[in-house]
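Here the structure is laid out as structure tokens; the discussion comes afterwards.
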Number of protein chains: 2
Amino acid sequence: MALRYALLGLLAKNEATGYELTQQFKETVIHFWTAHHTQIYRELLKMEEEGLTHSKTVQQSDYPDKKIYTITDKGFAQLLEWMLNKPVNVPKLKDDLLLRVSMFHFIPTERAIDFLEKSKEHHQMGLMMTKKWQEENFPKGTYGENELGEYLTSEFGIRYMESWLSWCNWAIKVLKKKGES
Amino acid sequence: MALRYALLGLLAKNEATGYELTQQFKETVIHFWTAHHTQIYRELLKMEEEGLTHSKTVQQSDYPDKKIYTITDKGFAQLLEWMLNKPVNVPKLKDDLLLRVSMFHFIPTERAIDFLEKSKEHHQMGLMMTKKWQEENFPKGTYGENELGEYLTSEFGIRYMESWLSWCNWAIKVLKKKGES
DNA sequence: TGAGTCATGTAAGTTGTTACATGATTAC
DNA sequence: GTAATCATGTAACAACTTACATGACTCA
């Protein structure tokens, strides 16, 4: 059900196509949720059936037709009802790299360090991109009326990646000390 | 497939029952993976069919029978093959609270702060428990030969929760400043 | 010449969740 | 008496992933 509310939340700010929603997931929602485009299209269909959204198809000359979704009053009401009255579920993390880390004692130390270096690169890139995005969208910490949430979660993303990087450095140190002995 | 390797990794350290594996998930694996007991039992059955594990049933007088699983050579070989040669998947996060945070502009500021205070409590508790667990299992940063992974991931858990708490405090400040104006 | 963007989806398969079931024992 | 622990599972359903499909256009 949560994917549905993530989509309603985005639509409550701006009308959008399934494609655009998928892009927004990659840009901003990625800090706390993941979804494939196939999932998004399916959920949009279901929501329209239930009257939470409304769509109009727009013909385009050069590009394929697109379907623009808007949120309905019923959709917005249900979004608020969820936000205010539904219990908060526990977070669910699935991290493939950390799973490997938990078994580092089975592989050579150099190989383990390799994994961590790759992960550092990955998070360094993510950190740079998110920082740039935040500076462009919220210069000097200023945010628009309906942007508060995005501002807060983007800051979470930055801190999360910084904390990842610092942990990576710490773990590499531990492994190097172990390699010496 | 990753759940399978998480289980093989635990079994490579010690034989265990499905119940014990579920407990270990709650204690240590929780920092990077989640799974219900129903999923764990199902995966254990599949793994035995494929010869990756082997089980023996032990009768108990007072408690129900239990099935103790051990990893086979084939299982260990497959675990190493995965660790060393399979690409690392991107992490997947589903955080219900952050999803709500992303829509904080729709609800009253006091209510939003409330959510963050609850989350602080939750992470504070988790932090304390993990710290205590780490001190008991790795006093002064000393770890056994096959405990390296657990040591590294428990430290990740601690840093993760600390970073959560500091973000919560920051976000509450932002909201209070907004409430004043 | 191949990769990427725009734009939407179907179908099949794998995971993950929820509710239910058993039944004795121990702790508050 | 109510809940929790020990220990294992089935069944039904919901969510998620992967592979495939279309087809014009742009950029290196």
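Protein chains get the first letters and strands the later ones, always in sequence-line order, with residue 1 at the start of each.
With hydrogens and angles disregarded, a donor-acceptor distance shorter than 3.5 Å links the side chain of A:Lys74 to the backbone of A:Glu50. Not one N or O on the side chain of B:Thr34 forms a donor-acceptor pair closer than 3.5 Å with the backbone of A:Lys92.
No close placement of the A:Tyr143 and A:Phe138 rings is indicated, their centers lying 6.0 Å or farther apart.
Distance, A:Glu50 CD to D:dA14 C1': 13 Å, rounded to whole Å. If you take CD of A:Gln24 and C1' of C:dC6, they are 16 Å apart, rounded to a whole angstrom. Here the P atom of nucleotide C:dT18 and the CD1 atom of B:Ile40 are 15 Å apart, to the nearest Å.
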Protein proximity profile, nucleotides 8-17 of chain C - base contact B, sugar-phosphate-only contact S, no contact -, cut-off 4.0 Å on heavy atoms: BBB----SBB

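Contact of the A:Phe25 side chain with the A:Leu3 side chain is registered, since non-hydrogen atoms from C-beta on lie closer than 4.5 Å.
Counting all heavy atoms, side chain and backbone alike, A:Gly18 lies closest to A:Tyr69 at N-CD1, 4.4 Å.
Annotation: proximity of residues 79-90 of chain B to DNA chain C (heavy atom, distance under 4.0 Å) is found for no residue.
A:Trp82 carries B:Arg100 over the face of its six-membered ring, with the cationic atom under 6.0 Å from the centre and within 45° of the normal.
A distance of 11.0 Å separates CG of A:Leu7 from NZ of A:Lys46, quoted to the nearest 0.5 Å.
Counting non-hydrogen atoms of other residues, nucleotides and ligands closer than 6.0 Å to NZ of A:Lys131 gives a total of 12 or fewer.
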